[in-house]
2 protein chains.
Amino acid sequence: METKERILHEALALFSERGYDGVSMRQIAAAVGIQAASLYSHYAGKEYLFRAILEFAQERFAETMHSLGLAADPDPQSVMELKEKDLQRISREIFLHLLKDPTAAALRRLLTAEQFRHSIAGQTYQQLYIESVLDSQTRIFKAFISAGTMRKGDPAITALHFYAPILLLLNKYDRQPEKEAKALAALEAHVNQFMRRYGRKGNKE
Amino acid sequence: METKERILHEALALFSERGYDGVSMRQIAAAVGIQAASLYSHYAGKEYLFRAILEFAQERFAETMHSLGLAADPDPQSVMELKEKDLQRISREIFLHLLKDPTAAALRRLLTAEQFRHSIAGQTYQQLYIESVLDSQTRIFKAFISAGTMRKGDPAITALHFYAPILLLLNKYDRQPEKEAKALAALEAHVNQFMRRYGRKGNKE
DNA sequence: GTCTATACGCGGATAGAC
DNA sequence: GTCTATCCGCGTATAGAC
């Protein structure tokens, strides 16, 4: 990996643990194994390094969503082909990814922590972890409702009901890595109860 | 207000905007109108001041919950007397309080931002904004389900379905104070759809 | 591109007078 | 309890040699 990339990853790891102001350029350089002055050959300053991390976050997030079949600009056809069981798979995959993938978890923590201090970080956090996911889910549920797979209801609120608990569980189990099994059980219980309440078959209850 | 209290409130306001490491003791002193050295007559150091804020957060939160009829250690009788319509009122009141009350909003933002850096802040965040609320709501829904007011289902998951969207909406509209009306409309739509899905009368759909 | 050396301000904190 | 004065380390960043 090139030095510039190594700097970005080491900085991300440190920032996500101690915050932007809690990490010095010297410490980042030490983690990379170079002198602090050398960082300035790659990034014009600490702020520029931080912005590069924000851009990296957006790229990574888009890639992840795409690989899970949740592109920001999806093929309408592919949305129609999604089934209810895909929701179980997708929610589980996205949950584990955001919880355990070191880079994804570091980015999420960093954006969460810095959202109020740097307006760009706030916008990025909002865009990635709230709006883009809700939009994506809203499209899916709209298709489900049209197709009769799900009960009628505002698709945006339905997406909120599906996604918000996932985000809260992520938050809750973030600091308790030893309870991963419990986290997954809670996630599954959430999705199951959601299906019973929102799915067509749920009316039998 | 005593100097010690003024220090705590000014520090809270500054920390919540710029973070713990983003605010110096000199800046806090300037906001209060004294010299930095004088702060040490009230708090032994920056860390001690921060911990005092965390303790204050717990007290304030408990008071707020109590005034909304959501004590941490509730009278079982009072829980039974809650009605469905109380949910609308409570959710609206707690939402507006956490969103707009300056002290409550500052505490929430500060704890959100610092949760990964100071383990005590992380515990406090988790305790206040996740566990205590979910526990409280779980008790209420358990009572509702027993009383037949609500459909059967895991009360803990039901609480998750009720509270998680509120927390997400709080997060979403935190940086958009001009959209308060929209935020309240979304909150009401959430609670309404929740009622239709979970309430007894919802079966008619 | 990386190094050493260095500039210079600001950080938390303390001493001691009033 | 508040002030002035001060300590000293660490922060970001630059200059210039290799």
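Here is the naming used below: chain letters follow the sequence lines, and residue numbers restart at 1 for every chain.
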Pairwise distance OH(A:Tyr163) to CZ(A:Phe194) - rounded to 0.5 angstrom: 14.0 Å
Are a donor atom and an acceptor atom from the side chains of [X] and [Y] found within less than 3.5 Å of each other?
X: B:Asn171; Y: A:Tyr125; answer: yes
X: B:Asp21; Y: A:Tyr20; answer: no
X: B:Thr64; Y: B:His97; answer: yes

Decide, yes or no, whether a salt bridge links B:Asp174 with B:Lys179 under the criterion of side-chain N to carboxylate O below 4.0 Å. no
Which one of A:His161, A:Lys152, A:Gln193 satisfies the side-chain hydrogen bond (donor to acceptor under 3.5 Å, both in side chains) criterion with A:Tyr198? A:His161
Parallel, tilted or perpendicular, as decided by the 30° and 60° cut-offs, for the rings of A:Phe162 and A:Phe141: perpendicular
Neighbours of DNA chain C within residues 38-53 of chain A, by heavy-atom distance under 4.0 Å: A:Ser38, A:Ser41, A:His42
Near DNA chain C, under 4.0 Å by heavy atom, which residues of residues 1-36 of chain A? A:Thr3, A:Ile34, A:Gln35
